[in-house]
Protein chains: 2
Amino acid sequence: MSANSRLTIAAHALAWIGLYQRQGHEVATSEQIATSANTNPVVIRRLLGELRRAGLVESRRGVGAGWSLARELGSMTLLDVYEAVEPGPLFAMHRTTPDQGCVVGYGIQPAMQGIYEGIEETLRHELARVTLENVLRDVLAAPR
Amino acid sequence: MSANSRLTIAAHALAWIGLYQRQGHEVATSEQIATSANTNPVVIRRLLGELRRAGLVESRRGVGAGWSLARELGSMTLLDVYEAVEPGPLFAMHRTTPDQGCVVGYGIQPAMQGIYEGIEETLRHELARVTLENVLRDVLAAPR
DNA sequence: CACAGTCGTAACAGAGAAGGTTGCAATAGC
DNA sequence: GCTATTGCAACCTTCTCTGTTACGACTGTG
């Protein structure tokens, strides 16, 4: 499916900011987060920009600028993050319209649409069960 | 996520073959299926080749060659098809190893791994609930 | 008020996946 | 032998994701 790492990196960033704030810091910079995630600060800023549009984080500009959580980690779920960074559907339909003169070509898209909707609903439900607080707890629970 | 249409096209092909066989035909050609799905026969052959490796269809060569179901539609689920055409995981980890000297960088991958495994298990369970018989029924149930 | 640090964003490049297309050898019924 | 079809390799185009550079915008500090 050519899965991407956007949800993973976004969760990483949120957990990082959350932990950093608990250590008494006000804001985290994209530079710091990028170092932890071993990527480029612009990648982090792009992702956090999407999370800001979704109301999960806030950013401050100027000297002493950076990112902070807009809500408690416990009130954010992976579904919130997923919807912020993954706009499209999980499964795609045909790239071109199937043959409408064929019974299967005619009925396949509505049929799969209905099936996919149910599956995506279940996926969303599962994502909603995991809060970022859960993620941070699991992160800190890693052995050694 | 840059979703692809492989599961959709594979389900389309199986439903087409199944219906065609119920109409008294022995085998279906990639040409016929490609016409219904409005794509190229080679695309169909590639996909059906993966389904054959998974034991879902059989192919015959030579004159009067083509594809037939290896099992009843009612005994095949979308999970069988999904596993045949989608090898990788749903969500990817970081492309490069995160900073192992950082608490979050160290713990994030095991944490997300565990979470993703649970979610993918649920997804698989959902896919397993839908048989290709269900798909064909829904296809034929499309209005007009 | 200048400076410095950081965000915001555009622009581009590289890698990889998906899908489409062509070509041709292999197969098997007639 | 002829013909229809699969099997498969090779190549191309398009698209997404990620990384990178560059630079303007913003704002606290001295």
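Sequence lines set the chain letters: A, B, ... in the order given, protein chains first and strands last, and positions in each chain run from 1. As the structure is a computational prediction, the values presented were derived from the model and not from experiment.
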**Q** Of all the choices, C/dG5, C/dG20, D/dG24, which nucleotide is nearest to the side chain of A/Arg61 once you look at every atom?
**A** D/dG24
**Q** Any idea how A/Phe91 and B/Tyr82 line up, ring-wise: parallel (<30°), tilted (30 to 60°), or perpendicular (>60°)?
**A**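 Rings of A/Phe91 and B/Tyr82: perpendicular, over 60°.
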**Q** Provide, to the nearest angstrom, the distance between the CG atom belonging to A/Asn40 and the P atom belonging to D/dT21.
**A** 7 Å
**Q** Using a cut-off of strictly less than 4.0 Å, decide whether B/Arg45 has a side-chain nitrogen or oxygen near OP1 or OP2 of D/dG7.
**A**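 The answer is no; no side-chain N or O of B/Arg45 sits under 4.0 Å from OP1 or OP2.
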**Q** Of the listed nucleotides (D/dA9, C/dG19, C/dT9), which one gets closest to any side-chain atom of B/Ser5?
**A**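 The nucleotide sitting nearest to the side chain is C/dG19.
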**Q** Relative to the ring of A/His94, is the ring of B/His12 parallel (under 30°), tilted (30 to 60°) or perpendicular (over 60°)?
**A** perpendicular
**Q** Using a 4.0 Å heavy-atom cut-off, does B/Gly66 contact any base of the nucleic acid, only the sugar-phosphate backbone, or nothing at all?
**A**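 Here B/Gly66 touches the backbone only, sparing every base.
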**Q** If you compare every side-chain N and O of A/Ser2 against the phosphate oxygens of C/dA18 (OP1, OP2), does one of them come in below 4.0 Å?
**A**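 No.
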**Q** Heavy atoms only: give me the nearest B/Ala28-B/Trp16 pair and the separation to one decimal.
**A**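 Nearest pair, atom of B/Ala28 first, then B/Trp16: CB-CZ3, 3.6 Å.
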**Q** Quick one: do A/Glu126 and A/Arg129 make a salt bridge, cutoff under 4.0 Å?
**A** yes
**Q** Nearest-Å distance, CD (B/Glu86) to C1' (C/dA17)?
**A**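 Result: 11 Å.
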**Q** Between A/Arg60 and B/Thr96, just flag the one whose closest nucleotide in DNA chain D comes earlier from the 5' side.
**A**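 Final value for this comparison: B/Thr96.
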**Q** Would one find a side-chain N or O of B/Thr29 under 4.0 angstrom from OP1 or OP2 of D/dA4?
**A**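 For B/Thr29, the contact criterion (side-chain N or O under 4.0 Å from OP1 or OP2 of D/dA4) is not met.
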**Q** Taking the side chain of B/Trp67 as its heavy atoms from C-beta onward, which of D/dG7, C/dG8, D/dA22 lies nearest to it?
**A**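 Nearest nucleotide to the side chain: D/dG7.
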**Q** A/Ala28 or A/Arg95: which one's nearest nucleotide on DNA chain C is closer to the 5' end?
**A** A/Ala28
**Q** Quick one: B/His25 NE2 to D/dT5 P, roughly how many Å, whole number?
**A**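 Taking atom P of D/dT5 as the reference, NE2 of B/His25 is at 14 Å.
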**Q** Could you please name the option among D/dT27, D/dG19, C/dG29 that lies closest to any side-chain atom of A/Thr39?
**A**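 The closest nucleotide is D/dG19.
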**Q** Of the options C/dC7, D/dT20, C/dG19, whose atoms approach the side-chain atoms of B/Arg46 most closely?
**A** C/dG19
**Q** Answer yes or no: is there an ion pair linking B/Arg124 with B/Glu86, defined by an N-O contact shorter than 4.0 Å?
**A**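 Salt bridge: no.
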**Q** When you measure from the side chain of A/Ser59, which nucleotide among C/dA18, D/dT21, C/dC7 comes out closest?
**A** C/dC7
**Q** B/Asn4 or A/Ala65: which one's nearest nucleotide on DNA chain C is closer to the 5' end?
**A**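 By nearest-heavy-atom nucleotide position, the 5'-most residue is A/Ala65.
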**Q** Provide, to the nearest angstrom, the distance between the CD atom belonging to B/Glu31 and the C1' atom belonging to D/dT3.
**A** 15 Å
**Q** Tell me: CZ of B/Arg6 to P of C/dG19, nearest whole Å?
**A**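 Rounded to whole Å, this separation is 6 Å.
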**Q** Looking only at side-chain atoms of B/Arg52, point me to the closest of D/dG7, C/dT22, C/dT9.
**A**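 Closest of the options to the side chain of B/Arg52: D/dG7.
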